[in-house]
Structures are given as structure tokens and as C-alpha cells.
Amino acid sequence: MIAMNYRGPYRVRVDRDKPMPRIEHPGDAIVRVTRSCICGSDLHLYHGLVPDTRVGTTFGHEFIGVVEEVGAEVTNIKVGDNVIVPFNVACGKCVFCEQGLFGNCHESNPQATAVGGIFGYSHTAGGFDGGQAEYVRVPYANVGPMVIPDDMDHDDAVLLTDVVPTGYQAAEMAAIKPGDTVVVFGAGPVGIMAAKSAWLFGAGRVIVIDHIEYRLEFVKRYAQCEAYNFRSLEDPVLFIKKTTDWIGADVCIDAVGCEAAGSAVQTITGRKLMLQAGSATALHWAINAVKKGGVVSIVGVYGPTANLIPIGNVVNKGITLRANQASVKRLLPRLVEHVRAGRIVPREIITHRVPLEEVADAYHIFSAKLDNCIKPILIPPSARK
Amino acid sequence: MKRTQGNFDHINGWGIDADPLDVPAYPMKKRTENDNKGMIWERPSQQPATVEVLHSNERPNLTAVFGTPNPPSGLSGAIRRYAFKYSESHVAHWLLLLAADRINMFEGVADDFRKGHVPNVFAELGGKSELKHNPAGVARKAAVGLALVLVVTALIRKNN
């Protein structure tokens, strides 16, 4: 089958002879992919920042498709169903899944206990192949996959596998109260969805900070928010303080993670020398720009090693920090409602539809921010017929 | 800072999820008699390990399911096995894995040649899209490269 193949930092290709996935556990299903996305966090893999990313791996944790085969224990979905597959691999039985923490499952990733299983996201996240392929093995098929409602556009559905739930959970974890000023760092797809979701929780003002002009223009229009380029600000923290009557924002959301720009020290130590798990610039700004007693919500991806973060300011300001991978399964019912009601129209962020065979160009366009790219989706040949 | 006087009529769904008692994302603790007793739950059936699967030394066993593609092999595999002697809290664990990744990249090139495949690095780097969408950048990189070659050549000639 055709599948994306990682060859090392910045190098990917499509191979035509990848072995077909097979049922390896009675709870497995095989899904024929109809759409997959490249996620901003795939770029951390693409840039070689995530440990134990082995050559030959197929990325892709955002995908939907048609069930082709099911294992003996699978009863919740059947062959022929069109399914949304959450990016988390979750057993549904462990103590964490029992709490609804599907992103923290203890039975899906033997390689690390600090992260649950994720499709196509290195061996640090379980060593599963991902959906940037024609077919994919979906473990625990009774737990994660959800049949796509008949009236749902499949472009909307594929964005419900990660981007929308992660942005929504960022806003939820921030405990926004009506009238709150919410600052979102990062105008990538997740930051866009976090800004959009902040209104659903009753935000009074939503501000997005980024440094790429076309993304700022997009988020301003899509999420009806204020948007500022930190390159044109003297200091983004000072700007937030000034614009909140010198108090600070009620809530700051870090939707950037380990590849943040904006600080030479962080960039050199975190991204170039890899002396910390990526640059924590956005997190610094979030902690310093939030008011005393405010909330900082983190969904930006950081590596497993240590980061230089101003924990003293967290203590002295009495900040609440909340962070997690989104538990997609728990959020899906509510988000399907929002999409059906038109409160969120995820497909409007898709800017590029690329044949799977051109995956290397798609990665480069997304990574280098070329051609005003916001969100690329990959279409396998069998889904184009 | 709150702005309570705002008019949000233009925002479809404004405040619809504002009730803190009705939020889907908040994890809810389900208390059982097995609380704080460790890994006591009805474990899913165990996937057979048909290939070598490394596991964190912070857990006693493999998880019920796991991925099987790309088992550890070669020098990078040996480094990965060694890395797993350290716990996830130890920086050596992660730095060894990153080192193994870089070695694995060269193993991948060697493997391609062994199979008679010459990697098209230009295409793998997305060169076609760079030419199409950023020709100025390509020209700039080419100019910098050419300048470097000229400087190095001049220095070598001077030293000779």
C-alpha cells in the first residue's frame, strides 16, 4: 500500500510497498483512510525533535476512514462504517480511562508512562503507525472510533480527530468565566480553534498573538478576535499588561509548544542545541502575561526532557496551570453538536488538499509556512476515485 | 480584566458552554474499591509480542496493545535498548534515544542503497514546493552557497 515514510529530520517520502496492516489483537480494526491531516505537532516529529522517532515510521494521528476489517472482540463498529478515529489510542478500562482521561491511557504505550498511545507519533507514544497511508491498524476499536453522522461533512469530521478537540479543551481547561480576557499564544490550527472556543465559554475579549501575518489575518476573520504580531510589539507581555489596565489577562493559552519563536536564548538552547525540550517562549509569555491568580492552559506540545520555565513566577503569582493532551472521545459528543449547529465550522481552516503521493511537498509547505498554508489534508488515491 | 458590557450577538453560541457544572472536558474521578491499589483493573487481553518491544522500566510489563512496525535494529537499536535501562525521569534515557534517531537516519540511507534504491533527497525535502512557492528563497540559498564555495576556494588557493 501507499504510505508516508519518515527518513530523518525534514526528509519524508511516500512508499508504494508498505506492508498492509493486519489485525494483531482481537480488539483491532483495519480502517481504509479517506482523509488524513498533517498536524502542527507532526512538525515536531518532522523536525527531529521527538525522541525515538524511527526511520520508516508512518506519521498521521488525524484521520478518518471506512472500516475494512474488524477483530473478534469488536462490536461497536462494523465493516463499511465511516468513522472518526480520535488521535488517542485508549483501552477504556484502566484507571485513567475510567476517569475520562483517554489521552492518558495506561494500556496503550509500553515505551513511556508519561504519555498515552498516539497514532503515528514515534515510539515514545507507543510505536503505532499513523493514518498518512491508505490503511491503518486501529487498536481498541470498541473504544475510540465514532461513526460519522450522515449529515456531517467529512472535511469537518477529520478535524474532529484532534484540532477542534484540542483547541476546545484548551479553552475548557482555562476555566473561562463570562467576560474574561483570554490571550491565545499561537495562530496555528489549534490556536485558531482555542480562540473560537473561548467565546463558547463566554469570553469577553479574545486576543491572539503570533508572528506570521497571514495567520493573524485568518484568525481575526475566522475567530472574530483581536490579533497582534509580536514582531511589531515592543514586548508582548508588556502589551498585554497595558491593554488590561496593567493587571494582566484572566487566562493565557499556550497553543504553540516546543518550536516557539520570539526569544533568541530559548531558540538557541531549545531548538538549535536541544539543551531543553524545545523553546518555551510562549509558555514564558503566558505565565508572565496572566494576572495574579489567573489560569494558564497548555496544549502546545513539549518534549519529555526538562524546560527552563519561570516556576517561581507561577508560585509568586498564584497561577493555576492546567495542561493535557485532549481526550478526544470525551469531547466528541459536545463538539458534534457544535459543528451541527454551525457554531464551529472546522472545514473552513483547510487551505490545502494534497494527494498523499505528494506528502513531502505538503510537509515542506506546512513547515516553511509557504503559500498561506493554515491546514493541509492528504487524500489517498483510493479516496479520489 | 473583564468587559461585562460587551454585545456578543454576532458570535454564534457565545457563552453556551459557560456553565462550569456542564463541561465535557473536565475529568471526573470515578471512585472504586481499588483506588490507590496500583494496576488493578480488568486488563484487555494481551497482544502477543511478535517483535522486540522495549518498555519503560517505570512499569512491570508491556501494555495490552502496542505498535509493532520498526522494531529496534542495528547500532541504533542497541543504543535504544541501553536507553531503556534508564527511567523516563533520567535525561540520559531521552538523549540516548535522540542519538539513536540520528544514527538511524544514516542506517536508513544505507538500507536504501542495499535495496538498490537511491534516495531522492531533493524530493524528500520537498524541493519542488520550495521552487514553486519560494523561488526567491531558493535563489538566496543558492547565492549563499555559491559565495561560500568561492570564499573557501579562494582561501585554499591563498594557502597554497
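Letters A, B, ... mirror the listed sequences (proteins, then strands); counts begin at 1.
- In terms of non-hydrogen atom pairs under 4.5 Å with chain A, the most contact-rich of B:H55, B:E124, B:E130, B:R43 is B:E124.
- Contacts between A:E172 and chain B at a heavy-atom distance below 4.5 Å involve the side chain alone, from C-beta outward.
- Interatomic distance, A:H25 NE2 to B:F66 CZ, rounded to the nearest 0.5 Å: 9.0 Å.
- With a 4.5 angstrom heavy-atom cutoff, A:Y140 touches chain B only via side-chain atoms.
- With respect to chain B, the highest number of heavy-atom pairs below 4.5 Å among A:Q224, A:Q169, A:R7 belongs to A:R7.
- A donor-acceptor pair under 3.5 Å is formed between the side chain of B:W14 and the backbone N or O of A:A203.
- Of all the listed residues (A:S108, A:P139, A:P333), the one sharing the greatest number of non-hydrogen pairs under 4.5 Å with chain B is A:S108.
- Your options are B:V65, B:I16, B:L95, and the one with the most heavy-atom pairs under 4.5 Å with chain A is B:V65.
- In terms of non-hydrogen atom pairs under 4.5 Å with chain B, the most contact-rich of A:A326, A:G27, A:P9 is A:P9.
- If you tally non-hydrogen atom pairs under 4.5 Å between each of B:T68, B:I40, B:V91, B:N134 and chain A, the highest count goes to B:T68.
- A salt bridge between B:D17 and A:R334 is present, with a side-chain N of the basic residue lying under 4.0 Å from a carboxylate O of the acidic one.
- Most heavy-atom pairs under 4.5 Å with chain A: of the set B:T50, B:L97, B:V121, B:V53, this distinction falls to B:L97.
- When the heavy atoms of residues 115-124 of chain A are compared with those of chain B, the residues falling under 4.5 Å are A:H123, A:T124, listed by number.
- Heavy atoms of A:F102 lying under 4.5 Å from chain B are absent altogether.
- For the atom pair CZ of B:R59 and NE2 of A:H106, the computed distance is 4.5 Å after rounding to the nearest 0.5 Å.
- When A:G92, A:G202, A:P110 are compared by the number of non-hydrogen pairs under 4.5 Å with chain B, A:P110 comes out ahead.
- Residue with the most contacts toward chain A among B:R102, B:E107, B:H10, B:H90: B:R102 (heavy-atom pairs, distance under 4.5 Å).
- Proximity to chain B (any heavy atom under 4.5 Å) is shown, for A:V359, by neither the backbone nor the side chain.
- For A:D129 (side chain) and B:P69 (main-chain N/O), no donor-acceptor pair under 3.5 Å exists by modelled atom type.
- Taking A:S327, A:G8, A:C94 one by one and counting their heavy-atom pairs under 4.5 Å with chain B, the maximum is reached by A:C94.
- One distance of note links NZ of B:K132 with CG of A:D371; it measures 7.0 Å at 0.5 Å rounding.
- Considering only heavy atoms from C-beta on, A:C97 stays 4.5 Å or farther from B:W41 through its side chain.
- Note: A:A360 leads A:A362, A:A360, A:P21, A:A368 in heavy-atom pairs under 4.5 Å with chain B.
- Of all the listed residues (B:M105, B:M39, B:Q46, B:R80), the one sharing the greatest number of non-hydrogen pairs under 4.5 Å with chain A is B:R80.
- In this structure, A:R22 places its CZ atom where only 12 or fewer heavy-atom neighbours from other residues, nucleotides or ligands lie under 6.0 Å away.
- With a 4.5 Å cut-off on non-hydrogen atoms, A:L335 does not touch chain B at all.
- Note that CD of A:Q111 is 6.5 Å distant from CG of B:L54, once rounded to the nearest 0.5 Å.
- Counting heavy atoms from C-beta outward, B:H133 and A:C373 have side chains that stay 4.5 Å or more apart.
- Judged by distance alone, with hydrogens and angles left aside, the side-chain atoms of B:E88 form a donor-acceptor pair with the main-chain N or O of A:T113 at under 3.5 Å.
- When all heavy atoms of B:L125 and A:Y10 are compared, the closest pair comes out as CD2-O, 3.3 Å.
- In this structure, the portions of B:A64 lying under 4.5 Å from any heavy atom of chain A include both its backbone and its side chain.
- For chain B, no part of A:I176 is nearby; none of its heavy atoms comes within less than 4.5 Å.
- Expressed to the nearest 0.5 Å, how far SG of A:C91 lies from CD of B:E42 amounts to 10.0 Å.
- At a 4.5 Å heavy-atom cutoff, the contact between B:P71 and chain A is made by backbone atoms alone.
- Contacts between A:D52 and chain B at a heavy-atom distance below 4.5 Å involve backbone atoms as well as side-chain atoms.
- A donor-acceptor distance shorter than 3.5 angstrom exists from the side chain of A:D361 to the backbone of B:S129, with no hydrogens or angles considered.
- Of all the heavy atoms in B:A18 and A:F201, the pair that sits closest is CB-O, 3.7 Å.
- With sequence neighbours excluded, the residues satisfying side chain to side chain donor-acceptor pair (under 3.5 Å) with B:D111 are B:R114, B:K115.
- For chain A, the nearby part of B:F84 is the side chain; its heavy atoms alone come within less than 4.5 Å.
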Stepwise side chain to side chain contact (heavy atoms under 4.5 Å, CB included) test for A:D15 and B:H117:
CA-CA 11 Å; A:D15 279 354; B:H117 175 83; 5.9 Å; no
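- With a 4.5 angstrom heavy-atom cutoff, A:H338 touches chain B only via side-chain atoms.
- Note that the CG atom of B:L98 and the OG1 atom of A:T53 stand 8.0 Å from one another [nearest 0.5 Å].
- In this structure, the side chain of A:R54 engages the main chain of B:N70 through a donor-acceptor pair within 3.5 Å.
- B:P119 approaches A:R13 most closely through the heavy-atom pair CB-NH1, 4.4 Å.
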